[in-house]
A.B. asks: 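To start, I am sharing the structure in question, which I have written as structure tokens.
Not measured: the values here are computed from a predicted model.
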There are 2 protein chains.
Amino acid sequence: MTEICKVYEEHLDKILEAKKKLPEEETILEVSDFFDALGNPTRLKILFALLEDELCTCDLSNITGLSVSAISHQLRILKDRKIVTYRKDGKNVFYSLDDEHIREILKVALKHMEE
Amino acid sequence: MTEICKVYEEHLDKILEAKKKLPEEETILEVSDFFDALGNPTRLKILFALLEDELCTCDLSNITGLSVSAISHQLRILKDRKIVTYRKDGKNVFYSLDDEHIREILKVALKHMEE
DNA sequence: TCCACATTTGAGCAATTGTGCAAATGTTCT
DNA sequence: AGAACATTTGCACAATTGCTCAAATGTGGA
């Protein structure tokens, strides 16, 4: 934290430039939260399953093989971060992807893996 | 884990369909690792800084305000997951983004935040 | 109202993560 | 070889995470 490298002049320019163009701390944290939500196998399975169609908590528990409770905990994270949305229907709560960006990002990531 | 919800017939179809279309476990883990690497403020700062230009470990330490060691640890993760690449030049090691997918995904994520 | 079932919530715990420190390794120059 | 500096690595420790279990809450029907 306190250590300081000897910096060449050419580097100083690049450092200042990079610092200036870096997004706000708050934005960084938001983006980080967003990716963090996608960076977990259980949550990814939920999202890939929702690519097809809306599903309820219980369905998702069946699909993933995890407890209803575990799924509910993860759905909360996805809901809080505006990655999924939901509608209530009687005793069931149906979850679905919140918007097109999610689809697009999942698609690009899958493509990235193939190379 | 062992609890099983009562499943309606219409749900059964959707569950089977979703299970069938779910990517391989291994693919899920790869994608998860990929997003997980992006889901951390320090690593995101590194990546946003690299959007501009290649930078060395020491530059990135300056830009983020973290120790050279901390940055090096994070660079290792990004390197292992093929998100950044590097070239050696004397005592310095210069890092840069590995491919266009990273740029694209960072861009879409930022756009997602704005809405 | 009482029951059955879907879902959520909170506590607790093992496992993982992010960081700094100190030491090791690499590289250039004298 | 030895000095100076950039980088990496292993360790330790606090903080966070993901899950289960048990209890609470919500909802519809008898």
A.B. asks: Rounded to the nearest 0.5 Å, what separation is found between the CG atom of Leu60(B) and the CD1 atom of Ile46(B)?
C.D. replies: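 One finds 5.5 Å between CG of Leu60(B) and CD1 of Ile46(B).
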A.B. asks: For residues 24-49 of chain B, which residues have at least one heavy atom under 4.0 Å from DNA chain C?
C.D. replies: Asn40(B), Thr42(B), Arg43(B)
A.B. asks: Do any side-chain nitrogens or oxygens of Ser67(A) fall under 4.0 Å of OP1 or OP2 in dT20(D)?
C.D. replies: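 Answer yes for this pair, as a side-chain N or O of Ser67(A) is under 4.0 Å from OP1 or OP2.
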A.B. asks: What is the per-nucleotide protein-contact pattern of nucleotides 23-30 of chain C, from the 5' end, where B denotes a base atom under 4.0 Å from a protein heavy atom, S denotes such proximity for sugar-phosphate atoms only, and - denotes neither?
C.D. replies: ---BBS--
A.B. asks: Determine, stepwise, if the pair Lys79(A) / Asp98(A) fulfils salt bridge (Lys or Arg N to Asp or Glu O under 4.0 Å).
C.D. replies: CA-CA 9 Å; Lys79(A) 193 170 53 178; Asp98(A) 189 63; over 6 Å; no
A.B. asks: Establish, yes or no, whether a centroid distance under 6.0 Å links the rings of Phe94(B) and His11(A).
C.D. replies: yes
A.B. asks: Could you check whether the rings of His101(A) and His112(B) sit parallel, tilted or perpendicular, using 30° and 60° as the cut-offs?
C.D. replies: perpendicular
A.B. asks: Return the value, rounded to whole Å, for the distance between atom CZ of Phe94(A) and atom C1' of dT7(C).
C.D. replies: 12 Å
A.B. asks: Does a side-chain N-to-carboxylate-O contact under 4.0 Å join Lys14(A) and Glu10(A)?
C.D. replies: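 Not counted as a salt bridge, because no side-chain N and carboxylate O are separated by less than 4.0 Å.
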A.B. asks: In terms of side-chain heavy atoms of Leu66(B), which of dT7(D), dT19(C), dC19(D) is nearest?
C.D. replies: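 From the listed options, dT19(C) comes nearest.
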A.B. asks: Taking only N and O in the side chain of Gln74(B), is any of them less than 4.0 Å away from OP1 or OP2 of dT17(C)?
C.D. replies: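 No, no such contact exists.
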A.B. asks: More 5' along DNA chain D: Ile77(A) or Leu75(B), using each one's nearest nucleotide?
C.D. replies: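 Comparing both residues, the 5'-ward one is Leu75(B).
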A.B. asks: Do NZ/NE/NH1/NH2 and the carboxylate oxygens of Lys45(B) and Glu25(A) come within less than 4.0 Å?
C.D. replies: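 Counted as a salt bridge, because a side-chain N and a carboxylate O are separated by less than 4.0 Å.
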A.B. asks: Any Lys/Arg nitrogen of Arg81(B) or Glu30(B) sitting under 4.0 Å from an Asp/Glu carboxylate oxygen of the other?
C.D. replies: no
A.B. asks: Would you call Glu104(A) and Lys107(A) a salt bridge, using N to O less than 4.0 angstrom?
C.D. replies: no
A.B. asks: Tell me whether the side-chain N/O atoms of Tyr95(A) come closer than 4.0 Å to OP1 or OP2 in dT8(C).
C.D. replies: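 Yes, Tyr95(A) has a side-chain N/O under 4.0 Å of OP1/OP2 on dT8(C).
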A.B. asks: Once you round to the nearest 0.5 Å, how far does CG of Leu44(B) lie from CG of Leu22(A)?
C.D. replies: 9.5 Å
A.B. asks: Using whole Å, what does the distance between atom C1' of nucleotide dA4(C) and atom NZ of Lys6(B) come to?
C.D. replies: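 To the nearest whole Å, that distance equals 10 Å.
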A.B. asks: Any protein N or O atoms within reach of nucleotides 9-15 of chain C? Criterion: under 3.5 Å, listing atom names and distances.
C.D. replies:
{"unit_1": "dT9(C)", "atom_1": "O4", "unit_2": "Ser69(A)", "atom_2": "OG", "d": "2.9"}
{"unit_1": "dG10(C)", "atom_1": "O6", "unit_2": "His73(A)", "atom_2": "NE2", "d": "2.9"}

A.B. asks: To the nearest 0.5 Å, what is the distance between CD (Glu52(B)) and CG (Leu97(B))?
C.D. replies: 10.5 Å
A.B. asks: Over how many whole Å does the gap from Asn62(B) atom CG to dT7(D) atom C1' extend?
C.D. replies: 14 Å
A.B. asks: Parallel, tilted or perpendicular: which one describes the rings of Tyr95(B) and Tyr86(B), with boundaries at 30° and 60°?
C.D. replies: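 Correct class here is tilted.
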